[in-house]
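The structure appears right after this line, and notes come after that.
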Amino acid sequence: MNESDTSRHFLRQWIEKDVADGKTGGKVVTRFPPEPNGYIHIGHAKAVCVDFGMAKLFGGECHLRLDDTNPTKESDEYAENIKKDINWLGFQWSGEGDGKEPGFYNASNMFDKMYEIAEELIRRGQAYCCNLTQDEWKTYRGVPEKPGTPSPSRDTTPERNLELFREMRDGKYADGEWCLRAKIDMASPNIHFRDPVIYRIRHVAHYHLGDKWCVYPMYDFAHPIEDALEGVTHSMCTLEFEVHRPLYDWVVDRLDEMGLLPVRNGVKIRTQQREFARLNITYTVMSKRLLLQLVTEGHVDGWDDPRMPTVCGMRRRGYTPGAIREFCERVGVSKVESESDPALLEWCVREELNKTAVRRMAVLDPVKVVIDNWEEGSREVELPNNPLDESAGTRKIPFGREIWIDRSDFMEVPEKKFFRMAPGQEVRLRGACIFKCTGCVKDGSGAVAEIHGTWDVGSWGGNAADGRKVKGTIHWVDCATGVKAEVRLYDRLFTEKDPLKDGPANFLKYMNPDSLKVVEGYVEPALAAAEPGARFQFERTGYFVCDKPLVFNRTVTLKDSYKPAN
RNA sequence: UGCCUCGUGGUGUAAUGGUAGCACCGCAGAUUCUGAUUCUGCUUGUUGGGGUUCGAGUCCCUGCGAGGCAACCA
């Protein structure tokens, strides 16, 4: 799918019109503005695809901006990993940048400017310092149905406000003692217009600027300034910010009055915000807070646990950047809050891996088969690395008298339409020969310990000399040369479609106890050389990625239309 | 309840006043040395009621339902 085929969703039409109307000054500029307070997940990946995707579609640029205006939760570890994950997804920020790195910005690098703008607002009588406590303010702000009450400080003179604000900046006051409010409209039905806080005191070191500041701007003040001053034309965010848009526009209006809006090719660039629905996926949670809880309480092995919906987790699970992008493309962009089916994600990754992943044989639940009429020694089977891609070549696999097969490929008493191994029934051993089971021996507990049978000596390579058909083909690993490997079988993290149905405090009870099964199996010799990150299809089983030598993580199973007869 | 937003098959998404389409899921069949892939076919939909119009998923009114906002978080 190329750009021109992508959906003409409402954001795209919005930008198209602005371009046609000449509002962009010849360049569409978007931005992806994560707060470095956690790892990005598949939900952010959708935003990344939208923000970077729209810029690319219109030949513009997308800035990566770390929205680091709240020092209490942010860190460099998060910042670095966010950059790594975006790159891995296949995107590169571009544009001028606010330092050495093109396209890269920190909101915090604009703190000086924001502070100046705040002072200017004070001078113009559009902001004032307020020392109401948060509890008091609740009462003053009131409820949406009725107008609020003005703060007693609302009419302080600009001179006095300037003095107070500078004292705030200089550390004269404790956290929460004073704050700076925009002076807008205490009667507005939109709560965000009732004199919102735009600066608060935080005696906390910033991960990036150290203790340079003890006052920090609020999102509603900082974000439009960042967008406007960076020359962003189209600022896309999620639905919950819709109510903030009038405030966003208010700030941009003030910048306009101050003559601070940038001009490109003679066109004044006025940033605009639009909102789209965030991505939700059933059987998982997407909130950073809850993901953090899973990590810190040890319910998973870390942010990159392959069961996590984080980008780094999905990477370890074996998902490809292309599959994730395809998924984001296919779920589309709209304003309807919806829940996507994980089946679509799985389809996307199978779709890609089917074309690209190298085939190997692995037996995950081994039981031994002895070929009683086998001559001594071993032979070699040659199989394509990928039957869909001749250029992938072939490999040779040793085959001998004793092989492992999967326990589920044998039934002592076969049900109808069981095309695999069963006494008296012929089955093809993939690439090798036709085999007829003669019986099995059992251990003390009654479990099958060893299967016996004979091979059709005229069928080497897999086809019978007389041309008779064999319905079933199963995979195998040669006992003499097969290699032991650890395989992690992952399943969905939650058993409930909506793990939050009883509220975020109770989601843990819906965790899937079988979300991880570790098994030891045998894999064909070629897999001993697999390097971390290499992806394979284990034939008839699923797609797997090498986590470390001889350890494989299951990305997704193969589709399986075999249904056991009740 | 004040304001804002949104309702199209099971799920996601098109149709921008003119034949309700696509994809995933599901089901059935064909092919197959992976019960995979591939191919073919099928089931299922415009939130209710009024109105405007030759014609309404689309425009208007009114119900109903869902979500958001009321942090010195983003």
Side-chain angles (χ1 to χ4, degrees), chain A residues 7-10 13 33-35 37 67-70 72-74 107 130 132-134 137-138 141-148 175-181 188-194 196-202 215-216 218-220 222-223 237-246 275 277 279 282 288-289 327 330-348 350-351 354-355 359 361 383 387-388 417-420 427-434 461-463 469-475 537-543 557-563:
Chain A
S7 149
R8 294 175 53 83
H9 53 72
F10 75 105
Q13 295 182 39
E35 184 185 14
N37 67 346
D67 211 356
D68 50 359
T69 57
N70 181 359
T72 59
K73 319 183 277 187
E74 298 160 4
C130 173
L132 252 20
T133 65
Q134 286 188 55
W137 179 249
K138 253 187 182 168
R141 182 186 49 218
V143 290
E145 302 91 303
K146 287 188 292 255
D175 289 9
E177 205 174 334
W178 285 88
C179 67
L180 184 70
R181 293 185 183 287
S188 173
N190 184 341
I191 287 288
H192 299 281
F193 259 24
R194 321 252 267 226
V197 174
I198 57 176
Y199 257 96
R200 80 290 218 185
I201 299 172
R202 278 267 196 287
V215 290
Y216 293 93
M218 298 288 293
Y219 170 88
D220 281 322
H223 207 84
C237 60
T238 43
L239 249 29
E240 70 267 29
F241 292 102
E242 205 157 27
V243 200
H244 296 238
R245 191 156 92 205
E275 312 80 14
L279 171 67
T282 50
K288 269 191 198 175
R289 205 191 92 229
F327 173 72
R330 280 173 179 267
V331 293
V333 178
S334 75
K335 301 193 68 156
V336 190
E337 294 192 53
S338 56
E339 292 198 306
S340 291
D341 191 337
L344 180 60
L345 222 202
E346 294 180 351
W347 180 86
C348 290
R350 285 191 192 107
E351 169 79 1
N354 179 45
K355 293 180 190 140
R359 269 59 168 174
M361 290 199 286
L383 280 174
L388 271 45
K417 290 199 156 183
F418 183 78
F419 305 134
R420 321 197 313 201
V427 69
R428 179 181 294 105
L429 297 172
R430 173 87 164 136
C433 61
I434 294 172
N463 287 313
K469 297 287 182 206
V470 175
K471 178 76 179 166
T473 299
I474 64 172
H475 60 100
Q537 184 198 95
F538 288 177
E539 291 207 34
R540 301 209 310 132
T541 303
Y543 294 99
T557 60
L558 247 34
K559 265 186 77 173
D560 183 7
S561 62
Y562 170 64
K563 292 165 216 58

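So you know, we letter chains A, B, ... as the sequences are listed, proteins then strands, and number each from 1.
- In this structure, of rA74(B), rG26(B), rU34(B), it is rA74(B) that holds the atom nearest to the side chain of Tyr219(A).
- Base orientation of rA71(B): syn, since the glycosidic angle falls within 90° of 0.
- Mapping Asn37(A) and Ser338(A) onto RNA chain B by nearest heavy atom places Ser338(A) closer to the 5' end of the strand.
- Residue contacts shown for Glu339(A) are limited to sugar-phosphate atoms, with no base heavy atom under 4.0 Å away.
- Note on Lys288(A) versus Glu35(A): no salt bridge recorded, every NZ/NE/NH1/NH2 to OD/OE distance being 4.0 Å or above.
- The P atoms of rA20(B) and rG45(B) are separated by 14 Å, rounded to the nearest whole Å.
- Rounded to the nearest Å, the gap between the P atom of rC27(B) and that of rA36(B) is 12 Å.
- Across rU34(B), rA71(B), rU1(B), the shortest atom-to-atom separation from the side chain of Leu558(A) is found for rU34(B).
- Listed nucleotides rG67(B), rC73(B), rC24(B) differ in distance to Leu344(A); the shortest reach to its side chain belongs to rC24(B).
- Counting any heavy atom pair closer than 4.0 Å across all strands shown, Arg141(A) reaches sugar-phosphate atoms only and no base atom.
- Remark: RNA chain B forms stems of 3 or more consecutive Watson-Crick or G-U wobble pairs, all pair distances under 3.5 Å, at B:2-7 with B:64-69, B:10-13 with B:21-24, B:26-30 with B:38-42, B:47-51 with B:59-63.
- Across rU5(B), rG35(B), rG2(B), the shortest atom-to-atom separation from the side chain of Asp560(A) is found for rG35(B).
- Distance from the side chain of Asn70(A) is smallest to rA74(B) among rA74(B), rU34(B), rA70(B).
- No engagement by Val143(A) is indicated, since no non-hydrogen atom pair under 4.0 Å with the nucleic acid exists.
- At the heavy-atom level, Leu239(A) lies nowhere under 4.0 Å from the strands shown.
- The residue among Leu345(A) and Tyr543(A) whose nearest nucleotide of RNA chain B lies closer to the 5′ end is Leu345(A).
- Among the nucleotides rU37(B), rC25(B), rC27(B), the one closest to the side chain of Asn354(A) is rU37(B).
- Checking rC72(B), rU13(B), rU5(B) against every side-chain atom of Ser334(A), the shortest atom distance belongs to rU13(B).
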As a quick check of understanding, evaluate side chain to side chain contact (heavy atoms under 4.5 Å, CB included) for Met361(A) and Thr541(A), giving each step before the final call. CA-CA 9 Å; Met361(A) 290 199 286; Thr541(A) 303; over 6 Å; no
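- For Glu240(A), the listed nucleotide lying nearest its side chain is rG68(B); candidates were rC72(B), rC6(B), rG68(B).
- No contact: His475(A) has no heavy atom under 4.0 Å from any strand.
- Partner Thr473(A) forms a side chain to side chain donor-acceptor pair (under 3.5 Å) with one of Arg428(A), Arg430(A), Arg540(A) and no other, that one being Arg428(A).
- We find that NZ of Lys146(A) is positioned 15 Å from P of rU1(B), with the value rounded to whole Å.
- Counting any heavy atom pair closer than 4.0 Å across all strands shown, Gln134(A) reaches a base atom.
- Residue Lys138(A) has its side chain nearest to rA71(B) when only rC73(B), rA36(B), rA71(B) are considered.
- Val470(A) comes within 4.0 angstrom of nothing in the nucleic acid, heavy atoms only.
- Contact annotation for Arg245(A): no contact, since no heavy-atom pair falls under 4.0 Å across all strands.
- Looking at heavy-atom distances under 4.0 Å, Glu35(A) makes contact with sugar-phosphate atoms alone, never a base.
- Residue Lys73(A) has its side chain nearest to rC73(B) when only rC73(B), rG2(B), rU32(B) are considered.
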